[in-house]
Amino acid sequence: MVSILTISGRRGAPTVVSHPQVSDPITGQKPDEDCAVVGYVGSRNAFPFLLTGLKSLQHRGQESAGIATFDGSMIRIKKGMGLVAEVFRESDQSLKDSLPGNIGVAHTRYSTHGSKNLENAGPITISNSIGYIAISHNGEITNAVQLREEMKKRGSGFITSSDTEVMLMEISRNIIELGINAGLRNAVSRLRGAYACALMINGTLYALRDPMGIRPLMLGQVGDSYVIASESCVMDILGGSVIRDVKPGELIEITPSGYRTVFIASTPNTAHCMFEYVYFARPDSVIDGSEVFSARIQMGRRLAKEYPVDADIVIPVPDSGRAQALGYSQQSGIPYGEGLIKNRYSERTFIMPTQEQRANAVRLKLNPIKSAISGKRIVLVEDSIVRGNTINYTVKILRAQGAKEVHVRVASPPIIAPCYFGVDMKTRDQFLARGKTLDQIANEIGADSVGYISIEGLIESIGLGKQGLCLGCLTGSYPVPIPGEKYSFQSELENYQNP
Ligand code: 5GP
Ligand code: MG
């Protein structure tokens, strides 16, 4: 008998927010999201580890949070809309009892439009003749629409609009036909795009990463237990250690007694997302051997070499521009200072639907310190400019506080093309930098000058080489074939290596 107990919802707040579902004009897909995944298997109760893991990765997704555990006979899942601490209240003692078991997977979700509802929140679970399966997925399956149509013709039904459900159904069908290991291998050969996953099949945990390694995934150890997580900071915070990154294309099977590689679906190139280093990941994480903080310092240093300017003070747009501003200051010798205070309780500005709402939200988020700004020639360092809302407003408030000059320096090259692999930058018309010269941009945002780090400068700062990174949003050329877009290199699965 199969029974899945689902507990959902968030106390005192409506759980479901519906928005019209927008399809991408090129791929026809629903916009998707970047997210955090965590998995645990070991000798202890999984829930507290998964909860701390999710809290450590809250920056990767604030829309919903969920945890699924398996106690040897039954899977249980709780998920809800909102922040991790809102969905899982520390004071709720019953939580630990309602999510028993020494294995589990967890997920936070970040999406910006499309369907923001509880069905699409992770982890997603099903039961089939093999047993219980739960998946937490970070990334975006680029051929999800085709796979869904194929499966529908064969009689499958879908509950959510999420590509993760398509992936789960593909895995389910294949492991029933071929057994778990061969089934997972076959399922992976049919999936395109980005996926870093924590997968639980009954009492076994699996770490699965797409063949290009687009999104990050780590394997770690806490005492005698194993943890997988999107970022290495989770292992630090749990008092454990990183064993290693999950390799691109690798499936690792993990039980309380150890782990082993089941297969590696290899490709000639990797395509780690450069935006993880620019903005997404925590600076205290190390991803694929490159520490995010050091990469950001290097980006700032490089920017100072590429776009030097005579000024009195280097100010970051907090928080994500801090390390880059520090690097700029170190290289240029211009003192670093704080000039903008960020309200850490304000809502995210990036996702607001109207321009007016976004402008108001940025105002709530950032406020200047008058004495640090008045009469100064300022270098304002920002990690990235997407639509330009943040920078536009920031330059204006610095001017309003009497800044003598404002020189904007951006630690990512101009973003000019959509992301299909999990960051919410979906249509070309939204990008501030598209089709404009630096002078035009400076003019538009009211800055005295603007400089963006070069693509070469970014690559060298990250230190993984050009062939190792996905630069799709900077070049419009992608590591995975996308209909209507340029394809940067041969990336079909070439072979499978058995360990
Ligand atoms: P813009 O305001 O130009 O549209 O977006 C750039 C600003 O938002 C930068 O300050 C950057 O740190 C931040 N940002 C960039 N990408 C994202 C994202 O995917 N989500 C959120 N919340 N902020 C982002
Ligand atoms: Mg920022």
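Just follow the structure's listing: the first ligand is 1, and inside any ligand the first atom is 1. Counting begins at 1 with the first residue of the sequence. As the structure is a computational prediction, the values presented were derived from the model and not from experiment.
- Between Q146 and R192, the closest side-chain pair of non-hydrogen atoms is not below 4.5 Å.
- Ligand 1 places these atoms under 4.0 Å from at least one heavy atom of N389: 1 (P), 2 (O), 3 (O).
- Looking at M425 against ligand 1, nothing comes within 4.0 Å, counting heavy atoms.
- Among the atoms of S384, none of the N, O or S atoms falls under 2.8 Å from the Mg ion (ligand 2).
- Note: Y110 and F280 have perpendicular aromatic rings, judged against thresholds of 30 and 60 degrees for the angle between ring planes.
- When only interatomic distances are considered, the shortest N/O to N/O separation between S384 and ligand 1 does not fall below 3.5 Å.
- With Y40 as reference, L50 is the one residue of L50, I228, T52 to meet the side chain to side chain contact (heavy atoms under 4.5 Å, CB included) rule.
- The contact set between ligand 1 and I385, taken as ligand atoms under 4.0 Å from a residue heavy atom, comprises 3 (O).
- Across D383, V292, L474, a single residue satisfies side chain to side chain contact (heavy atoms under 4.5 Å, CB included) together with V278, and that is D383.
- Contacts between S320 and ligand 1 below 4.0 angstrom, taking non-hydrogen atoms only, involve the side chain exclusively.
- At under 3.5 Å, not a single nitrogen or oxygen of I391, backbone or side chain, sits near a nitrogen or oxygen of ligand 1.
- Under a 4.0 Å N-O distance rule, the pair K365/D319 does not qualify as a salt bridge.
- At least one N/O-N/O distance between E382 and ligand 1 falls below 3.5 Å.
- Side-chain atoms of E86 do not come within 3.5 Å of backbone N or O of R89 as any donor-acceptor pair.
- Atoms of ligand 1 lying under 4.0 Å from any heavy atom of G388, numbered from 1 in the order shown and given with element: 1 (P), 3 (O), 4 (O).
- Less than 4.0 angstrom separates some heavy atom of D383 from each of these atoms of ligand 1: 9 (C), 10 (O), 11 (C), 12 (O).
- An angle of 60° is found at the Mg ion (ligand 2) between S320 atom OG and D383 atom OD1, rounded to 10°.
- Note that R409 lies outside the cation-pi zone of Y328, set by a 6.0 Å cut-off to the ring centre and a 45° limit from the axis.
- The nearest pair of heavy atoms linking S285 to E231 is OG-OE1, 2.8 Å.
- Closest to atom 16 (N) of ligand 1 by heavy atom, among Y110, F431, F275, is F275.
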